[in-house]
Amino acid sequence: MSRTHEAGQLHTPGSSSIAVVPAWLRPPADVNELLPQLWSRTVERTPAGALRVGGVDVAELAATYGTPLYVVDELDFRSRAVAFRDAFADAFADLCGGADVYYASKAFLATGVARWIAEDGLHLDTSSGGELALGLRGGVLPGRIALHGNNKSRAEIATALEAGVGRIVVDSLEEIDVVADLAHERGVVAPVVLRVTVGVEAHTHSYIATAHEDQKFGLSLGSGAAEAGVAKVLARPELDLHGLHSHIGSQIFDMGGFEVSARRLLGLHRSVEREHGVTLPEIDLGGGYGIAYTSEHAPLPPAEIAGRLAEIVARECLVQGIAVPRVSVEPGRAIAGPSTFTLYEVGTTKEVALDAGARRRYVSVDGGMSDNIRTALYDADYSATIASRASSAPGVLSRVVGKHCESGDVIVKDEFLPADARAGDLLAVPGTGAYCRSMASNYNQVPRPAVVSVREGSSRVLVRRETPADLLALDAG
Ligand code: LLP
C-alpha cells in the first residue's frame, strides 16, 4: 500500500532511504573494541573500560575542559609528521637529494601545532593570511612557508613578501602580475610556483577533487593556460619560478591519479626546459593521501606512499630524459586526521522503527554539524565508541546526531553502539583532526569547542573554547 503523504516516494517502504547497514559495517563481536587504524596511537581502554589518551582519562578531560572537545594526541600527530618527513627524505635521497614535506595547515592549525611543525623540521603550506600568521607565530621559518590560494588578497601577498616566505603558489594569469607588481614595489624577487591543473579525475568526492578541468584552481594544461603562465612568469624579472605544482584532490587511496599527475607535470617541466632553456629546480605533487575513518578504509603508510611516488617520478624523468627536480608534497589530513578524536556527552537516545522490523537508535550528543560538517557536506563516514566505560550490552545499529536544528545534523551515520548507551555517557568519534575544527561554525550560535593536546599524562589547551560572551562580543548590538 503506498502512502498518501505528500513527502511521497522517498519515504515509502523499500525505498533507498530505508536504512540498510552499509556493506563495510559488521556487527562487532565486542562493542568496546578499538580498531587500531581508527585511533591515535596512545589511545587505550583502562582496566575499568574507559578511554585514555596520552596517559589522560577522558573523564578527566571532560571534567577539566567540558564537551564537546577535540583531543589531539601530540605524539601521534608528531610521529606522523616525522614519518612523512623521513619517508620522503629517504625515498628521494638518491633521486634528488631528498624531498620537502609541507604540512597542509588548512587541515588544522594552531600556534602550538605550528611550533611542532617547526621543531620537527617540516615545511608549512598555508592558504590564507590567517594561516600564515599562525605559522609565523609558531616559529616556522618564513623560508619554509608556502602561500596558496586561488584569490589571495593584495594584503595577503604583501604580507607574504614582507615576511619572506619560501614560495607563493600563483594560481591565475592575473595573479602573476599582481605578485610581480607587489614584489617590484618592495624591491624584492618573489619566489613563485605555478599551480597547474593537470586534468586528472581524482577518485574522491567531487567537492574535494581539484585537478579536473571544470573547477576553480590552477592554470589548465589542456587549454594552454599553464604554458602561458610559465612564459608570463619568466618574462617578469621580479619573479623567480621555482617550479610547477599539482594537487589532485583529497582522501585519495589510489596512486593512479598521482601517477598521471606527475607524468603531465613533468611533461610540462620538460617543455619549459626545451622551449625556454630553463631547468626548474622543483616540482610539487600536492597532498591528498586518504586516512581511515571506518573499517572500510585501508590507508597506505607514509613509507609506501613515498616509495611509490619516488618510483613514479624516477620512471617519468627517465622516460622524458630530464634530471629529477627536487620534489615536495603537502599532506594535511594524513598527518592531522588520525591524531584527534572528538569527545561528546550523550544527551538523549531514541529508537526509530524502520521498515521490515528494523530499528535504528538515534544518539544525540552536545555538538554536531557545527564541529564536524564533513558528514553533511561530503557524505563522510565516521565511527564512534562509548568512551567513559566499557559495556557488555550487544551492539545496536545507531546514528550519532548533534543538537542543531536540522535533520541533516548527523555526525556518524552508521555505527553499532551498545544497546545501553545512555545520557551522561561520553562518546568519542575518531579521525576528527583534519577539517573539523578548521571548518567549524557557530551555527545556531553554538560556541566552537576547545582543542586540547595530551601527552605523557598531561593536557594543555591549543585553542580555547568559545563562550557565549565571545559570540555576543562580535554582535554590534
Ligand atoms: N595542498 C593543496 C594545494 C590543497 O588544496 C590541499 C587540500 C592539500 C594540499 C591537503 O590535502 P590533504 O592531504 O589534507 O587531503 N575539507 C575537505 C578537504 C579539502 C582539501 C582542500 N585542499 C575535507 O574535509 O575532506
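Numbering of ligands and ligand atoms starts at 1, following listing order.
Those atoms of ligand 1 with a heavy atom of R374 less than 4.0 angstrom away are 23 (C), 24 (O), 25 (O). Here is the list of ligand 1 atoms found below 4.0 Å of a heavy atom in G332: 12 (P), 13 (O), 14 (O). Counting the atoms of ligand 1 from 1 in the order shown, those under 4.0 Å from a heavy atom of H148 are 3 (C). Below 4.0 Å from some heavy atom of A104 lie the following atoms of ligand 1, by number and element: 8 (C), 9 (C), 10 (C). Per-residue contacts place G288 under 4.0 angstrom from the following atoms of ligand 1 (heavy atoms of the residue considered): 11 (O), 12 (P), 13 (O), 15 (O). Ligand 1 places these atoms under 4.0 Å from at least one heavy atom of R195: 3 (C).
With H297 as the partner, the ring-ring contact (aromatic ring centres under 6.0 Å, His included) test is satisfied by one option alone out of W24, Y382, F253: F253.
At distances below 3.5 Å, at least one donor-acceptor pair connects side-chain atoms of D171 with backbone N or O atoms of G218.
A centroid separation of 6.0 Å or more is found between the aromatic rings of F84 and Y102.
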Run T197 and S220 through side-chain hydrogen bond (donor to acceptor under 3.5 Å, both in side chains) and show every step you take. CA-CA 4 Å; T197 310; S220 142; 6.0 Å; no
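Residue F217 does not touch ligand 1, judged by heavy-atom distances below 4.0 Å. At a 4.0 Å heavy-atom cut-off, ligand 1 touches D125 through the side chain alone. Using a 4.0 Å cut-off between heavy atoms, H247 contacts ligand 1 through its side chain alone, with no backbone atom that close. Contact annotation for E330 and ligand 1: heavy atoms of both the backbone and the side chain come within less than 4.0 Å of the ligand.
The shortest separation from a heavy atom of P331 to ligand 1 is under 4.0 Å, placing the residue in contact.
Between H148 and H245, the ring planes are perpendicular. Angles over 60° get that label, and only those under 30° would be called parallel.
When all heavy atoms of A104 and D125 are compared, the closest pair comes out as CB-OD2, 3.6 Å.
Below 3.5 Å of separation, one finds an N or O of Y378 facing an N or O of ligand 1.
Side-chain atoms of L173 and K232, non-hydrogen and from C-beta on, do get closer than 4.5 Å to each other. Using a 4.5 Å heavy-atom threshold, the side chains of R448 and N442 count as touching.
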